[in-house]
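Throughout, a chain's letter reflects where its sequence line sits, starting with A, and its residues are numbered from 1.
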Protein chains: 2
Amino acid sequence: MRPISKEATLDEPTEQEPDPGLRALLGGTEIPTAYKIGYVLNFYREPSFRAIEMEFGLTRPEIVILLALHVREGITASEFCEFSGHLKAGVSRAVIALEKKALVRRKTDPVDNRRQLLFLTDAGREIYQRYIPMLRARETAMLECLSKPERRQLDRLLDKLGAHVPNWAKASEL
Amino acid sequence: MRPISKEATLDEPTEQEPDPGLRALLGGTEIPTAYKIGYVLNFYREPSFRAIEMEFGLTRPEIVILLALHVREGITASEFCEFSGHLKAGVSRAVIALEKKALVRRKTDPVDNRRQLLFLTDAGREIYQRYIPMLRARETAMLECLSKPERRQLDRLLDKLGAHVPNWAKASEL
DNA sequence: CGAAATTGGTCTCATATTAGACTTTTCAAT
DNA sequence: ATTGAAAAGTCTAATATGAGACCAATTTCG
């Protein structure tokens with residue numbers, strides 16, 4: 001169970017009664033770091049995406065593609081796949097859906113007829129603006145336990161990890 | 001695409017040619033930290049789990065339940081759900097499948113007839129031993145870019161984040 | 001230059017996963 | 001003691017997602 005008791009939730013949100021047994025899971029696996037990263041992210045991402053899905057009818061790939069296009073338009077599906085590690089069939093499906101929902105526009109790349117450049121529509125931008133505040137708020141809440149320096153520290157480490165990904169994340173090694 | 005070119009992969013695995021445009025995604029979203037965590041973890045978890053799924057016929061929930069039981073046996077499905085944030089239907093289904101595969105044993109909790117205590121079978125332990133080395137190796141590879149102190153730093157930050165989860169990760173807030 | 005290989009995107013089929021309903025057991029309130 | 005509410009686990013129906021096949025465009029190689 002969540003490392004809180006029901007009583008604590010109702011009376012003292014800051015007073016926790018962790019179950020030592022299950023908390024042992026966090027550091028007890030043979031892949032402690034990966035597990036902990038997954039543990040934290042699971043609580044952030046899964047409920048967030050489920051809520052967006054219920055409220056806006058967007059699937060996970062759709063959500064993240066809108067996120068990506070908000071940062072940079074004109075990328076192609078395959079670029080996004082390559083960058084993010086998402087599978088091309090899923091991305092393709094999401095792009096088709098997004099276009100059908102008029103949230104995204106596709107334009108064949110003049111340089112390579114196979115490629116399609118993706119752009120946000122106004123509706124796409126708008127729906128993004130409607131779901132991003134919740135994601136931001138939850139990120140803020142998630143990071144509240146860290147001081148400013150610690151957050152910078154975390155970001156620095158994550159940048160390192162992110163930059164290192166191409167060195168080991170080769171599907172052929174599996 | 002992955003921030004490497006094909007040539008680099010073949011010739012100079014350490015020589016990368018990041019696409020600046022897509023790399024902007026990493027820090028460019030409005031949820032940079034969450035996104036970066038997800039970015040790194042996606043490359044670790046998704047391919048790993050897919051490989052295990054293909055080789056051992058285990059679904060993601062099955063994989064993680066075996067992981068958890070390896071650390072601590074005798075937990076119940078609901079305890080695992082509460083702790084990990086996984087949904088009970090999925091966990092229930094996984095437990096049923098694991099028992100069917102004779103990887104897990106279930107025993108009704110004498111204290112509460114609704115609850116079922118979960119235990120690994122020998123086969124369950126064995127299959128775990130067959131997939132964990134790959135997960136460990138990939139975790140090691142993932143963390144190779146960090147020095148020892150940095151890894152300790154990361155673990156410390158993750159422990160903080162993990163301990164803080166119960167303070168904000170309430171589904172009712174969504 | 002032409003054939004073979006690779007790439008970009010889409011589709012089909014099978015399987016995984018979610019929401020919500022359901023049953024039984026246990027807890028809480030009166 | 002009784003009743004209503006909540007918890008634990010399972011099931012159903014709908015939908016999401018992965019594997020692999022496919023086709024067309026482009027690149028690679030002899």
Nearest whole Å is fine: how far is C/dG9 C1' from A/F80 CZ?
15 Å
Hey, is the main chain of A/T121 close enough, under 3.5 Å, to the side chain of A/R105 for a donor-acceptor pair?
no
So, B/E150 and A/K160, do they make that salt bridge, N to O below 4.0 Å?
yes
In whole angstroms, the gap separating P of C/dT10 from CD of A/Q116 amounts to 5 Å
Output the single nucleotide from D/dT10, C/dG8, D/dA19 whose closest atom is nearest the side chain of A/R115.
C/dG8
Quick one: is A/T59 getting a side-chain N or O under 4.0 Å of the D/dT15 phosphate, OP1 or OP2?
no
Looking at every strand, decide which applies to A/R93 at a 4.0 Å heavy-atom threshold: base, sugar-phosphate, or nothing.
base
Specify the separation, in whole Å, of atom NZ of B/K107 and atom P of D/dG9.
15 Å
Atom CD1 of B/I75 to atom C1' of D/dA8: distance rounded to whole Å?
14 Å
Under the ring-ring contact (aromatic ring centres under 6.0 Å, His included) rule, what do A/F43 and A/Y39 come out as? Steps first, then yes or no, please.
CA-CA 7 Å; A/F43 282 102; A/Y39 174 81; 5.1 Å; yes
When the distance from CD1 of B/I63 to P of C/dT17 is rounded to whole Å, what number comes out?
9 Å
Would you please say whether a donor-acceptor pair under 3.5 Å links the side chains of B/Y128 and A/E30?
yes
For A/A89 and for B/N113, locate the closest nucleotide of DNA chain C by heavy-atom distance; then report the residue assigned to the nucleotide nearer the 5' terminus.
A/A89
Taking only side-chain nitrogens and oxygens of B/R106, does any of them come within less than 4.0 Å of OP1 or OP2 of D/dT10?
yes
Report the distance from atom CZ of B/F49 to atom P of D/dT17, rounded to the nearest whole Å.
17 Å
Measure NE2/B/H86 against P/D/dG9 and give the value in whole Å, please.
16 Å
Sugar-phosphate, base or nothing in reach of B/A77, heavy atoms under 4.0 Å:
sugar-phosphate
In terms of the nearest nucleotide of DNA chain C, which residue is placed more toward the 5' end: A/V91 or A/E46?
A/V91
Is a side-chain donor-acceptor pair under 3.5 Å present for A/D109 with A/T76?
no
OP1 or OP2 of D/dA24 less than 4.0 angstrom from a side-chain nitrogen or oxygen of A/R114, does that happen here?
no
Please state how far atom CZ in A/F56 lies from atom C1' in D/dA16, giving the value in whole angstrom units.
19 Å
